[in-house]
Amino acid sequence: MEIEQKQAPLIEQFVKQASTLNGPGPALVKLIVEATSHPSLFAFSEILSVPNLLQLQGTESSVYIDLLRLFAHGTWTDYKSNAAHLPQLVPDQAVKLKQLSVLTLAEMNKVLSYDQLLKELEVANVRELEDFLINECMYVGIVKGKLNQLRRCFEVQFAAGRDLRHGQLENMMQSLTNWLDTSDNVLSVIQDKIKWAETMCEEDKKHKMEVKSHLQDVKKSVHSKVN
């Protein structure tokens with residue numbers, strides 16, 4: 001999708017930057033803040049996997065690795081629950097984390113109630129929520145959908161994928177395997193039905209030929225008696 005294509009050069013840029021920085025100084029912290037504030041970046045696992053970031057472990061700046069993990073896999077609710085142990089967010093980071101929270105909710109349900117979104121995003125009212133969904137989500141391209149004011153919900157038609165959490169890839173592969181197994185079973189049933197239909201068709205043709213032959217015999221018999 002277009003949103004993933006736009007992110008690819010940004011991810012590469014931040015990964016290269018992180019790979020050139022040495023020492024647990026402010027440069028790595030600045031890079032993390034820039035990455036989590038960037039308006040077009042919504043994937044962080046590749047940055048998180050850069051070995052140089054380990055230089056922050058054991059220092060007072062190690063909380064920035066936790067912050068990067070939060071942006072990779074967490075939500076606004078997760079941040080609020082752990083805010084005392086994480087750096088304070090700048091406004092752009094707060095917007096970004098709320099955008100990511102919408103993506104997480106969209107993974108679980110394609111119809112998101114306004115009440116749920118108001119609570120999860122801590123938005124003051126419906127007008128502010130709808131403005132956020134339009135301007136910060138749909139316009140940006142991370143989701144597509146319809147605002148249903150009558151039902152007070154957001155109907156999701158498309159949502160960009162987030163970074164895979166630990167174990168999520170295995171679950172996806174298992175789901176795909178199960179789907180393939182089911183598809184094979186369905187295909188086998190369909191093939192059996194086709195064979196049965198072909199057999200019935202052949203029997204029907206044979207029966208019609210027999211009836212036709214019998215009719216011809218009857219006609220000949222009647223004709224000979226008349227003569």
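What you are looking at is a predicted structure, and each value in this text was computed from that prediction instead of being measured.
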- Task: Report the C-alpha separation of Gln149 and Tyr114 in whole Å, then their side-chain angles, then the decisive distance to 0.1 Å, and conclude whether the side-chain hydrogen bond (donor to acceptor under 3.5 Å, both in side chains) test is met.
- Result: CA-CA 9 Å; Gln149 296 177 327; Tyr114 281 1; 5.5 Å; no
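Contact detail for Val102 and Leu112: the closest heavy-atom pair is O-CD1, 4.4 Å. Here the closest heavy-atom approach between residue Lys80 and residue Glu122 is recorded as CE-OE1, 3.4 Å. Minimum heavy-atom separation, Ser62 to Gly58: CB-N, 4.1 Å. Met138 approaches Phe154 most closely through the heavy-atom pair SD-CE1, 3.9 Å. Here the shortest heavy-atom pairing between Phe132 and Val95 reads CZ-O, 4.1 Å. Nearest heavy-atom pair, Arg162 versus Leu100, reported as atom, atom and distance to 0.1 Å: NH1-O, 3.4 Å.
Side-chain atoms of Gln93 and Tyr79, non-hydrogen and from C-beta on, never get closer than 4.5 Å to each other. Contact check for Ile194 versus Ile190: side-chain heavy atoms found under the 4.5 Å cut-off. Considering only heavy atoms from C-beta on, Ile47 comes within 4.5 Å of Leu41 through its side chain. Phe44 has its side chain out of reach of Leu67: every pair of non-hydrogen atoms, C-beta onward, lies at least 4.5 Å apart. Side-chain contact check for Gln116 versus Leu105: some heavy-atom pair is nearer than 4.5 Å. Using a 4.5 Å heavy-atom threshold, the side chains of Ser37 and Val90 count as touching. No side-chain heavy atom of Leu21 sits less than 4.5 Å from a side-chain heavy atom of Val50. Inter-residue side-chain proximity for Lys98 and Glu136 is flagged as unmet; no heavy-atom pair is nearer than 4.5 Å.
For Gln7 (side chain) and Phe42 (main-chain N/O), a donor-acceptor pair under 3.5 Å exists by modelled atom type. Checked by atom type and distance alone, the side chain of Gln55 pairs as donor or acceptor with a backbone atom of Asn52 at under 3.5 Å. Put simply, the side chain of Arg69 never gets that close to the backbone of Gly74: no donor and acceptor are under 3.5 Å apart. Without hydrogens or angle criteria, Ser101 side chain to Trp76 main chain gives a donor-acceptor distance under 3.5 Å.
With rounding to the nearest 0.5 angstrom, the CG atom of Leu68 is 4.5 Å from the CG atom of Leu48. Here the CG-SG distance, from Asn148 to Cys153, works out to 4.5 Å after rounding to the nearest 0.5 Å.
With sequence neighbours left out, the side-chain hydrogen bond (donor to acceptor under 3.5 Å, both in side chains) criterion links Tyr64 to no other residue.
By the 6.0 Å contact criterion, CD on Gln17 is enclosed, its count of non-hydrogen atoms from other residues, nucleotides or ligands being greater than 12.
Between Asp115 and Lys119 no salt bridge is recorded (no basic side-chain N to carboxylate O distance below 4.0 Å).
Under 3.5 Å, the side chains of Asp78 and Ser81 contain no donor-acceptor pair of N or O atoms.
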